[in-house]
Structures are given as C-alpha cells and as structure tokens.
Amino acid sequence: MNQRYGKEEKLKQKKQIETLFTDGNSLGQYPIRLFYLRVTSENIHQPTRTGVSVSKRNFKNAVDRNKIKRLLREAYKKNKYLVNDLNSHPYWLMIVYVGKEIPELKPLDVAVMKAFKKLKKIKK
RNA sequence: UCAGCAGACUGUCUUAUCGCCCAGAUUUCAUUUUUGGGAGGAAAGUCCGGACACCAUAGCACAGUAUAGCGGGUAACUCCCGUCAUUCGCAUAUGCGGAUAGGACCAGUGCAACAGAAAGAAUGUACAGGUUAUGCUGUAGUGAAACCAGGUAAACUCUAUACGGUGCAACGUCAUGUAAACCAGCGUCUGAGGGUUGUGCGCCCAAUGUUGGAGGGUAGGCGGAUGGAUGUUUUUGGUAACAAAAGCACUAGAUAAAUGAUAAGGAUCCACUUUGGUGGAGACAGAAUCCGGCUUACAGGUCUGUUUUUUUU
C-alpha cells in the first residue's frame, strides 16, 4: 500500500487554499473538520492535494501545533487510499483540527477514516 | 551525612518497519537506486546593539531622545572585564559576597518634614559692648545648615557623547496575459496648491511638448539565503574581558512551512512488591535574513562554592 506523502501531494499555494475555504464544502467528524473541493478541469492532471491545519487560538505554543500537524499527516498517510480512488478525480482537501486538547494518534486515525468514508458516500 | 541558596555544564540511548526536507552520486522517455546531513540553551520575549538593503519625504539648524565615576574590550551596545567610591550582609587585624539612574547645584530657576522669631525682597527676644539715641557688633537658643553658608539634578536645567527613517513581506531579477495609466533625459510655462518628523530653511510632487527605454501593479519562479564579527585546538600578549598567529572542521535551510510515527529493548527516577518482577514518569520549549547581548521559562542529573543540622574524633 502506498503511504507516501510527498511535496506534490501537499496543498501549498495560498490561492488554492483560499479557493478551497470560500468555494468548498465541509463535513465534521469530531475532533476534526474536513474541507473538500472537486478540482476544476484545468487542474485535472494533478494529484489530490491535502493540507493540515491547527488553530492558533486553541494551541498557543508552536510545539503543540507542530505535534498535532504531524499526527494529522500520519493519519492521512494511513487512510489516503480511501480518497485516491474517488472516481479517479482529484480533490483539494484540508483537514482542520478543532479539538481543544492534544490528541493520541489512534482516535485521530479513526476520525480521519470516518471522515473519508463519509466523503466517499457523498460523492457516490 | 542531610537540607537550602548561588553559579557552571548537561538536558534519554539503541535497533527494526513506514515516511518527510536538503545536498551529492548513479541512471532514465518519465524516473529509479544509493550516500551524507537535518532544531535550542534558551530556537521564546522582540527589550537593546550591529551587518545588509532601499528611500532628499534621506540634507542643515533648533527642538527632541538616549547614555553618564575612571580605565579597558568590541563591528556596536543600555553588553562584558578591571578598578575606585558609597552602601548592605557575614566575619571583624587583613577579608569574602552582593547592590548602585555613582557627571555638574560658587550659570540660573525651583523645592524642603520637624524644630525655630526667621531657611531669606527676614533681622525677633534676652544679655553684653558701643552710641546722646536709633542703626550697629558679639553671645545665647533651634537645626544637618542661620549669610556673600549648605542639601536636592529617578526637579527643570547645564555639560559631554551618540542618534535620519523603514525593515528580508527590505531589495534585485525572470517571465505569461492585460493595458498605454510607466520610467529616464531635454525644452517651455506656472511657481498657486499638495507632501515631509515638531518648527524654520531646504527638498520632492504636480501642466505640456519631444527623444529614448521598455516599465508598472497582481500571482508565481529564482537570487537575497546560509562559509560566518563561524566553531575548535595550540602558542603568544594581557590581572581579565579579549586580541593576534598557525593547524583542523563545515555545522538545518523549510516557505500552509521538513527534522516524524509505530514497535521492542537498555540506562535514570518514582510507587508497589511474593525480591522474580509489575505499573508509571522525563521539564521548558520548535529555526524562518544573519550575528552580539539582555530578560524570562526549565523535570531530572553532574561539578564547584557557601550556610545549617546530625554523628564521630
């Protein structure tokens, strides 16, 4: 199973992120919230891009935010197979952590999996 | 031997699997394979000082702000070192450790508790001297200080020294589409109005013609950008901070932002214990242009100094 998460699979450009937040939809699966957007035809040859985010309001220290983002990436890596075969159409995704406490990997893993399954159901 | 305080150093290790960022090598149509490197003592707060970059809206004068024993170090500093004075604590013959907004009040202005008649455009009371008498002189009394006297400048002020502003989202450069709104030189006219750091001077902008160049804003790529006031060892100079010379080393460069996750084991500490083990804990905190400081946070461990308690001599 491919569990790589390289540069070309990260959502990086500011413009793309703004578009995702303004035009995209979202679904909640506590303690995360998933923003998603079906990409337009001009970007159809690119892979699915995913970003992670943690609010500065809930976690003041940069160390904690980094920790959570790393855990989110780890959870994404394990569950990415669920979104990669999504009608073979690329998506832009943003996983936002909305919890108030530093999580463990396992519940986060489950949450991401459930969120991706929900997404899959919606698309069908 | 126990505990406290101060300072310095350190601040979990190994293996396996799955991954991330950078650089090199290899190979290919894409790419693959492989080697090496990958957070801190504070990376933090952004409080000082620089390097670097741009801007006459940048200059000059006044104003303003900062610093303040003396000597030295440094690229520079509100930093560091030495030393003097004052002062606090411990000792008390010498000493040890800490603190100090420690220049100037015979340039001027102001302020001053209590006591005292009076702290100054004042001259009381008592006594004595002197005088025709008053003015005058001395003494007493209050107080730190009573006349051509002092104290106070975290009071104005004066003196000396320094200080333009904005910050790498600086700035340079590449290139796609849009559009003629751009920039530079020269000529002509108006010099009204606007801009600037508080004020004045100065400076800049603004109209039009012409010549030349390609330029501007937005998003993106690249440079800036990591080899440097670098680290370390030795020698020399110096009380020291530090400097010089020689040798060796290369030590993160991301950009919605890498340095991680899982499993097993070993040290360390804590609790329980059937002495076999079992369970738990590891602080403060994450580079963002780069350096020198300061300040603040910090579990545990090591070392040094100092004080106290207990035991033995």
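All chains are named by letter (A, B, ...) in the order of the sequence lines, taking the proteins before the strands, and each is independently numbered beginning at 1.
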Nearest listed nucleotide, side chain of A/Val52, among B/A257, B/A261, B/G260
B/A257
Go through B/A257, B/G19, B/A261 for me and flag the one nearest to the A/Leu71 side chain.
B/A261
Rounded to the nearest angstrom, tell me the gap between atom [atom1] in [X] and atom [atom2] in [N].
| X | N | atom1 | atom2 | value |
| --- | --- | --- | --- | --- |
| A/Leu105 | B/A261 | CG | P | 9 Å |
| A/Ile95 | B/A256 | CD1 | P | 17 Å |
| A/Tyr76 | B/A256 | OH | P | 17 Å |
| A/Glu74 | B/A258 | CD | P | 14 Å |
| A/Lys78 | B/G260 | NZ | P | 17 Å |
| A/Leu37 | B/A256 | CG | P | 19 Å |

Using purine N1 to pyrimidine N3 plus N6-O4 or O6-N4 for Watson-Crick, or N1-O2 and O6-N3 for G-U wobble, both under 3.5 Å, which nucleotide pairs with [N]?
| N | result |
| --- | --- |
| B/A99 | B/U86 |
| B/G116 | none |
| B/U302 | B/A8 |
| B/C111 | B/G151 |
| B/A140 | B/U125 |
| B/A288 | none |
| B/U210 | B/G185 |
| B/U226 | none |

Would you say A/Arg65 places a side-chain N or O within less than 4.0 Å of OP1 or OP2 belonging to B/A285?
no
Using a 4.5 Å cut-off on heavy atoms from C-beta on, say whether the side chain of [Y] contacts that of [X].
| X | Y | answer |
| --- | --- | --- |
| A/Leu34 | A/Phe116 | yes |
| A/Phe59 | A/Ile68 | yes |
| A/Arg73 | A/Arg70 | yes |
| A/Asn58 | A/Tyr97 | no |

Which value, in whole Å, describes the distance between the [atom1] atoms of nucleotides [N] and [M]?
| N | M | atom1 | result |
| --- | --- | --- | --- |
| B/A113 | B/A119 | C1' | 13 Å |
| B/G49 | B/U67 | P | 11 Å |
| B/U235 | B/A68 | C1' | 40 Å |
| B/C242 | B/U226 | P | 30 Å |
| B/U307 | B/C2 | C1' | 13 Å |
| B/G223 | B/U255 | P | 12 Å |
| B/U234 | B/C22 | C1' | 36 Å |
| B/A162 | B/A283 | C1' | 44 Å |

Per side-chain contact (heavy atoms from CB on, under 4.5 Å), A/Ile95 is matched among A/Leu108, A/Ile32, A/Val54 by A/Ile32
Assuming nearest nucleotide by heavy-atom distance, tell me which of A/Lys106 and A/Lys69 is located more 5' along RNA chain B.
A/Lys69
With the criterion being N/O to N/O and under 3.5 Å, what pairs connect the protein with nucleotides 286-289 of chain B, and how long is each?
unit_1	atom_1	unit_2	atom_2	d
B/G286	OP2	A/Ala62	N	3.3
B/G286	OP2	A/Val63	N	3.4
B/G286	O6	A/Arg70	NH1	3.3

Check the chi torsion on [N] and let me know: syn if it falls within 90° of 0, anti if not.
| N | answer |
| --- | --- |
| B/U251 | syn |
| B/A39 | syn |
| B/G41 | syn |
| B/G276 | syn |

So which heavy atom on A/Val52 is nearest to which on A/Met94, and how close?
N-SD, 3.7 Å
